[in-house]
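Have a look at the structure below, then the notes.
One-based numbering, in listed order, for ligands and for the atoms of each.
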Amino acid sequence: MRVLNFTVNGTPRTVHLEEGRVMLASVLRDSLGLTGTKVGCGTGQCGSCTVVMDGKAVTSCTVPAEKAEGTSVLTIESLAEGSVLHPIQQAFVEAGAIQCGFCTPGIVMRLYALFTQNPDADDETIMKELDKHLCRCTGYETIVQAARLAQEKLRAAR
Ligand code: FES
Ligand code: FES
């Protein structure tokens, strides 16, 4: 049986992989119970499964589990501190950018990667990142507002 060793949300984890093709999304959800990561399309199109791997946003449904060996992965479960939401999550609440919420964890994790690497990302860069996500509910306007508000909150906290 294949074994995957990596760090998830700051904790070293060892996962025994099933035979055949296993994707990171399935390891996170099915083996580790981190169901905050959502799987929509399963083909890299919708962005709902986005997590941060070694600082970069990746669609975990397209990352073979073996590729995560030795990496550090962050999921949506890593952001809030107890009952205190991360500023990006708080911005989504305040902007009213969550309806069914299925797309939200992926978008939040992509913005987390973006603003960690580039806190002063311009509007064009933010829009390019948001373009990698599909949302069936909000019409996107409030998501764009939430992204801008998140950037303001993170700047204020610097
Ligand atoms: S579920 Fe991974 S991109 Fe859609
Ligand atoms: S809030 Fe429902 S898919 Fe985005």
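Remark: ligand 1 atoms within the under-4.0 Å shell around heavy atoms of Ser48 are 1 (S). Of all atoms in ligand 1, listed by their number and element, those nearer than 4.0 Å to a heavy atom of Gln45 are 3 (S). Atoms of ligand 1 found under 4.0 Å from any heavy atom of Gly42 (numbered from 1 in listed order, with element): 1 (S), 4 (Fe). Short contacts between ligand 1 and Gly47, defined as distances under 4.0 Å to a heavy atom of the residue, involve ligand atoms 3 (S), 4 (Fe). Residue-ligand proximity, Gly44 to ligand 1, at heavy-atom distances under 4.0 Å covers atoms 3 (S). For ligand 2, the atoms lying closer than 4.0 Å to a non-hydrogen atom of Arg136 are 3 (S). Ligand 2 places these atoms under 4.0 Å from at least one heavy atom of Gly101: 1 (S), 2 (Fe). Of all atoms in ligand 2, numbered sequentially from 1 with element shown, those under 4.0 Å from a heavy atom of Cys137 are 1 (S), 2 (Fe), 3 (S).
The 12-atom threshold is exceeded at CD of Gln117, counting heavy atoms of other residues, nucleotides or ligands nearer than 6.0 Å. No more than 12 heavy atoms of other residues, nucleotides or ligands shown are found within 6.0 angstrom of CZ on Arg136.
At a threshold of 4.5 Å between non-hydrogen side-chain atoms, the residues Thr37 and Ser60 count as touching. Looking at Asn9 and Thr75, their side chains come closer than 4.5 Å, going by heavy atoms from C-beta outward. No side-chain heavy atom of Tyr112 sits under 4.5 Å from any side-chain heavy atom of Ile76.
Using modelled atom types and a 3.5 Å distance limit, the side chains of Asp54 and Ser72 yield no donor-acceptor pair.
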Query raised in the report: Stepwise, does the side-chain contact (heavy atoms from CB on, under 4.5 Å) test hold for Arg110 with His133?
Result: CA-CA 9 Å; Arg110 187 171 300 277; His133 292 263; 2.6 Å; yes

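One of the N, O or S atoms belonging to Cys46 lies under 2.8 Å away from atom 4 (Fe) of ligand 1. Atom 4 (Fe) of ligand 1 has an N, O or S atom of Cys41 under 2.8 Å away, backbone or side chain. Coordination check, Cys103 versus atom 4 (Fe) of ligand 2: passed, since an N/O/S atom of the residue sits under 2.8 Å.
Rounding to 10 degrees, one finds that atom 2 (Fe) of ligand 1 sits at the corner of an angle of 100° between Cys49 SG and Cys61 SG.
Ion pairing of Lys153 with Glu94 is present here, as a side-chain N (NZ or NE/NH1/NH2) and a carboxylate O approach within less than 4.0 Å.
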